[in-house]
Amino acid sequence: MKTSIKNITKKLIKIFAVSGLLIALSSCDGDVFDPELEVETLITEFEGNDAVTVDRRGNIYVSEFGQFVNTGGNGTRIFKVTPDGDVSEFITDLSGPLGNAIDPQGNFYVAHANNTVTGEVLKIAPDGTRTVLATIDGWPAGLALDHENNVYVSNFLTPTVHKISADGDITVYATDSRLAGGVGIDFDRRGNLIVGNYSTADILSINPDGDVSLLANIPNIVINGFGIGYITVIGNTVFATGIGVNKIFKVSSNGEVKEFAGTGESAVIDGPLDEASFSHPNGITSDPYNKALYISEFGGVGAVRKIKFY
């Protein structure tokens, strides 16, 4: 009984936190963005340039994919950034780390060791113990966790999303030709798994039965194969990074696409949403407790950008 009450309490806390963030977002959900919302730079000259996740204490974790070399990235680290902007190396000795996630117990998950044939999904316990949860064909890219700590894995090369259960069972959760190119992955409030296609800029929705449908396409943003970096979902609203066009997009539950932030100029410039600039925004995550978005950049200078919802 105590365990059940504890679980219910945790779920209620998360619901209230997300509800608060949704209320905060409502002020910028119309055609005109709330002028009080601004982009700020949390840190700069930063080598973390890929997936971003955040824990319950507001610590931010960023993958260092590095740069493309042969069949993967040359980065090796996961960085930890405190809410005050202090940076440390959280995990080292990886190989081109991409998607990441952290569960309430402090276990960290990351996709790495890709060679365009297979890639690994790694679990690192708080004591540093490493376990290879799965070796998956193709190029496993983004990761998402559900409330039971099952891991869902998008794939850049194969038309699949895999599910790795907390017990280690590996199954194909969904398959559809449009899923090839998938990187960003997250759940909406209805339990649908949302996948952003890096190559086509499609945003796809997978219902709990594994059926795939097109939620939206973000038009005219694929530049030399660079479309959507990653996505994050707040309630049923999708936020996606336009890595090639230096903008952040917002997609509503009915598929309406709007530019959310960024001028399109490749630069690190803070300010109001429609005046700020990004340098190839890539990773993105939402923090429902501190009501903020965090964004990594792939543009060379390296920065973590923050949009605080008041």
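This one's a predicted model, so the numbers in the text were calculated from it and none came from an experiment. Side chains included, hydrogens not; waters and symmetry mates left out as well; all remaining heavy atoms used.
Taking the ring centroids of Phe108 and Phe90, they lie under the 6.0 Å cut-off. The aromatic ring centres of Phe156 and Tyr198 sit less than 6.0 Å apart. Tyr61 and Phe79 have their aromatic ring centers separated by at least 6.0 angstrom.
Note that CD1 of Ile194 is 10.0 Å distant from OG of Ser253, once rounded to the nearest 0.5 Å. Taking CG from Leu42 and CD1 from Ile60, the interatomic distance works out to 5.0 Å, rounded to the nearest 0.5 Å. Interatomic distance, OG1 of Thr241 versus OH of Tyr230, reported as 9.0 Å (0.5 Å rounding).
In this structure, Phe309 and Phe260 have tilted ring planes: the angle between them lies in the 30° to 60° band. Under the 30°/60° scheme for interplanar angles, the aromatic rings of Phe298 and Phe226 are found to be tilted.
Residues Tyr294 and Ile284 are not in side-chain contact: their nearest non-hydrogen atoms beyond the backbone lie 4.5 Å or more apart.
For Asn290 against Asp287, the heavy-atom pair with the smallest separation is ND2-OD2, 2.8 Å. The minimum heavy-atom distance linking Gly242 with Ile221 is given by the pair CA-CD1, 4.4 Å.
Enclosure of atom CG in Asn224 is not indicated, since only 12 or fewer non-hydrogen atoms of other residues, nucleotides or ligands lie within 6.0 angstrom. Atom CG of Asn254 has more than 12 heavy atoms from other residues, nucleotides or ligands within 6.0 Å.
Remark: Arg305 does not engage Glu40 in a salt bridge, criterion side-chain N to carboxylate O under 4.0 Å.
Linking Ile, Leu, Val, Met, Phe, Trp and Tyr whenever their side-chain heavy atoms come within less than 4.5 Å leaves Ile243 and Val301 in two separate clusters.
Asn114 and Glu120 share no side-chain donor-acceptor pair at under 3.5 Å.
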